[in-house]
Asker: 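If you scroll down you'll find the structure; I have some questions about it.
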Number of protein chains: 2
Amino acid sequence: MALRHAVLAALLDGERSGYQLAKAFDVGMANFWHALPQQLYAELAKLEREGLVAGREVVQEARPNKRLFTVTEAGSAELERFAATPSKPSFIRDDLLVKVAAADSVDPAELISRLDERAEASRAKLDLFDGLLATMRGDLDEDEFLARGTGIGPYLTCLRGRVFESENRDWCARTADVLRNRARLRSE
Amino acid sequence: MALRHAVLAALLDGERSGYQLAKAFDVGMANFWHALPQQLYAELAKLEREGLVAGREVVQEARPNKRLFTVTEAGSAELERFAATPSKPSFIRDDLLVKVAAADSVDPAELISRLDERAEASRAKLDLFDGLLATMRGDLDEDEFLARGTGIGPYLTCLRGRVFESENRDWCARTADVLRNRARLRSE
DNA sequence: AAGGGCATGTAAATAGTTACATGATTGA
DNA sequence: TCAATCATGTAACTATTTACATGCCCTT
């Protein structure tokens with residue numbers, strides 16, 4: 001049950017609307033937790049009922065009104081409690097890996113296409129992360145920022161996401177090469 | 001809806017019981033899909049009703065009887081169709097990353113403990129993967145096996161899992177260092 | 001005039017986790 | 001004798017995804 005904690009963590013940066021959270025859970029946060037808008041609106045409502053976040057209505061003219069949420073004292077305490085809890089082992093849950101696991105019985109040409117698509121997507125995400133990291137760092141270099149900067153939590157998780165995507169890209173390229181090479185050998 | 005496909009892929013190696021699958025989904029397969037025994041028994045029953053796998057009863061003396069499942073023609077076709085489908089982007093879903101995202105508001109000592117625990121677990125899993133890979137390879141070296149061996153699907157996914165755990169271990173160590181360093185700076 | 005962004009949800013279906021249930025055999 | 005391994009499930013609950021719904025403003 002960690003979506004609630006992911007929402008609380010995302011709210012530490014400052015107050016956010018459900019809509020803003022939905023975007024955060026589609027880029028930065030999405031490295032380690034993904035959620036659709038519906039789920040976030042539902043979770044915010046539940047957290048508010050339980051007193052872990054507090055919402056305030058902001059009336060707007062040119063746009064629909066919105067509600068901005070902040071973590072309460074009780075919310076901070078809950079995060080603290082959660083951080084002291086042992087973590088379950090993590091795992092990748094990936095369609096593409098399921099397909100590669102079936103490599104011996106499935107059309108290699110299709111598999112290679114999927115791998116190329118994913119490599120491309122990973123490259124794009126890498127660029128996105130590099131941009132996010134540079135923004136968070138400001139004018140400090142990385143060591144300086146990590147030693148004395150503020151808001152290192154999101155920076156550290158983004159670093160994990162960056163490496164993950166970089167390994168994704170490399171593995172896809174290497175795996176596609178292996179499959180292409182086997183296809184070549186078979187046709188000789 | 002990829003558990004069904006993960007089960008089909010796991011069954012390509014040869015016939016397996018629900019119990020054997022449960023073990024596979026706790027080690028090898030677990031790099032990219034995790035499932036509890038209950039889920040597997042339920043999924044096997046559903047796949048059998050749909051004709052994608054076929055089960056046969058094996059009567060045993062010293063142990064309870066079991067049912068061994070094989071992929072049918074229809075099952076192979078379904079896997080083939082699935083492999084041709086575009087893959088959703090993958091992501092890590094990790095409690096520990098949620099905790100680190102909250103690093104700025106949470107007790108660093110607790111975080112460091114969680115990171116050390118995870119680094120240790122990753123080291124153990126790395127050893128496990130190295131063993132699995134060596135077994136799959138047999139006496140061939142890696143390049144030879146990847147070029148001409150049989151059953152490379154599971155090998156390739158295991159390679160992905162190996163790198164993932166290795167990056168997990170490194171990131172945990174580096175992140176714990178960053179947190180320890182900041183604690184030291186603050187206390188000076 | 002069409003498409004995208006802002007902003008919030010409800011309802012239904014599928015997937016995954018937790019708790020419970022049973023019972024024999026084998027090795028420490 | 002205690003714990004682990006083999007072997008299979010049911011029931012209840014929680015989490016996630018998919019489909020649907022609304023409506024205004026701004027830019028192209």
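Chain naming here is simple, since letters A, B, ... match the order of the sequence lines and numbering starts at 1 in each.
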Asker: If I take atom CG in residue Asp26(A) and atom P in nucleotide dG5(C), what distance separates them, rounded to the nearest angstrom?
Answerer: 12 Å
Asker: Does any N or O in the side chain of Asn65(B) come within less than 3.5 Å of the main-chain N or O of Gln60(B), such that one atom is a donor and the other an acceptor?
Answerer: yes
Asker: Phe91(A): which residues meet the ring-ring contact (aromatic ring centres under 6.0 Å, His included) condition with it, sequence neighbours left out?
Answerer: His34(B)
Asker: Please identify each residue that fulfils side-chain hydrogen bond (donor to acceptor under 3.5 Å, both in side chains) with Glu120(A), with sequence neighbours left out.
Answerer: Arg123(A)
Asker: Calculate the interatomic distance between Asn65(B) atom CG and dG23(C) atom P; express it in whole Å.
Answerer: 15 Å
Asker: May I have the distance from Leu3(A) (atom CG) to dG16(C) (atom P), rounded to whole angstrom?
Answerer: 16 Å
Asker: Heavy atom of residues 32-63 of chain A under 4.0 Å from DNA chain D: which residues?
Answerer: Trp33(A), Leu36(A), Gln38(A), Gln39(A), Lys46(A), Ala62(A)
Asker: Going by ring-ring contact (aromatic ring centres under 6.0 Å, His included), name the residues that satisfy it together with Tyr19(B), two or more places apart in sequence or in a different chain.
Answerer: none
Asker: Toward the 5' end of DNA chain D, which comes first, Lys66(B) or Phe91(B), by nearest nucleotide?
Answerer: Lys66(B)
Asker: Looking at residues at least two apart in the chain, or sitting in another chain, which of them share a ring-ring contact (aromatic ring centres under 6.0 Å, His included) with Phe25(A)?
Answerer: none
Asker: Scan Arg93(A) against the nucleic acid and name what it touches under 4.0 Å (heavy atoms): base, sugar-phosphate only, or nothing.
Answerer: sugar-phosphate
Asker: With a 4.0 Å heavy-atom cut-off, tell me which residues in residues 8-23 of chain A come close to DNA chain D, sorted by residue number.
Answerer: none
Asker: Side chains of Arg162(B) and Asn31(B): donor-acceptor distance under 3.5 Å anywhere?
Answerer: no
Asker: Hey, does the side chain of Lys99(B) reach the backbone of Thr85(A) with a donor-acceptor pair shorter than 3.5 angstrom?
Answerer: yes
Asker: Under 4.0 Å between a side-chain nitrogen and a carboxylate oxygen: does that hold for Glu110(B) and Arg114(B)?
Answerer: yes
